[in-house]
Amino acid sequence: MIKIIYFYFIVINLITLFLFYIDKKRSIKNSWRISENNLLSFALLGGILGALVGQKLFHHKTQKF
């Protein structure tokens, strides 16, 4: 059971990190973006570490207050 929980948190954090990456690339191309509600939902589902790493690594949503 513990392995399943670890696996879930690893996967949800990787997905969240990937979503932040995709959204940043789309913002540079001025293309359709992933909604902030979706990004925050994945963070609240357990992907908070992926979201924080994504913000730092990609400078995502760090310029505006």
Side-chain angles (χ1 to χ4, degrees):
M1 183 67 167
I2 297 296
K3 289 182 182 181
I4 293 172
I5 294 171
Y6 284 145
F7 181 75
Y8 170 78
F9 281 110
I10 289 170
V11 170
I12 195 73
N13 278 289
L14 289 174
I15 291 171
T16 305
L17 179 64
F18 187 66
L19 288 175
F20 272 77
Y21 170 76
I22 290 172
D23 191 52
K24 182 62 177 186
K25 291 299 174 190
R26 288 181 179 175
S27 73
I28 292 170
K29 292 181 181 180
N30 218 4
S31 181
W32 174 83
R33 308 265 312 267
I34 297 171
S35 73
E36 192 167 349
N37 284 339
N38 285 339
L39 294 173
L40 292 176
S41 294
F42 274 89
L44 289 175
L45 288 173
I48 189 70
L49 292 177
L52 292 173
V53 170
Q55 281 185 319
K56 285 289 193 185
L57 193 62
F58 309 126
H59 302 285
H60 188 279
K61 296 190 181 286
T62 57
Q63 302 299 318
K64 296 180 181 177
F65 188 63

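Computed from heavy atoms alone, side chains included, the values below leave out hydrogens, waters and symmetry copies.
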Q | hydrophobic_cluster_shared for Ile48 and Tyr21, side chain cutoff 4.5 Å | A | no

Q. In Å, rounded to the nearest 0.5 Å, how long is the span from CG of Leu57 to CG of Leu52?
A. 12.0 Å

Q: Indicate the atoms forming the closest heavy-atom contact of Phe20 with Gly54, along with that distance.
A: CB-CA, 4.2 Å

(Q) Please find the pair of heavy atoms, one from Arg33 and one from Arg26, that lie closest to each other, and give the distance. (A) CD-C, 4.0 Å

Q: Drop me the distance from Phe58's CZ to Ile22's CD1, to the nearest 0.5 angstrom.
A: 10.0 Å

Q: Answer yes or no: is there a side-chain heavy-atom contact under 4.5 Å between Leu19 and Ile15?
A: yes

Q: Please list, chain by chain and in numerical order, all residues satisfying side chain to side chain donor-acceptor pair (under 3.5 Å) with Ser31, sequence neighbours excluded.
A: none

Result block: side-chain N/O donor-acceptor pairs under 3.5 angstrom for residues 2-13, not counting sequence neighbours:
| residue | atom | partner | partner atom | Å |
| --- | --- | --- | --- | --- |
| Tyr8 | OH | Leu45 | O | 2.7 |
| Asn13 | OD1 | Leu49 | N | 3.1 |
| Asn13 | OD1 | Gly50 | N | 2.8 |
| Asn13 | ND2 | Phe9 | O | 2.6 |
| Asn13 | ND2 | Gly46 | O | 3.2 |

**Q.** Lys25, Lys24, Lys29 screened by side-chain contact (heavy atoms from CB on, under 4.5 Å) with Ser27, the one that passes
**A.** Lys24

**Q.** Contacts of type side-chain contact (heavy atoms from CB on, under 4.5 Å), residue Leu44, not counting sequence neighbours
**A.** none

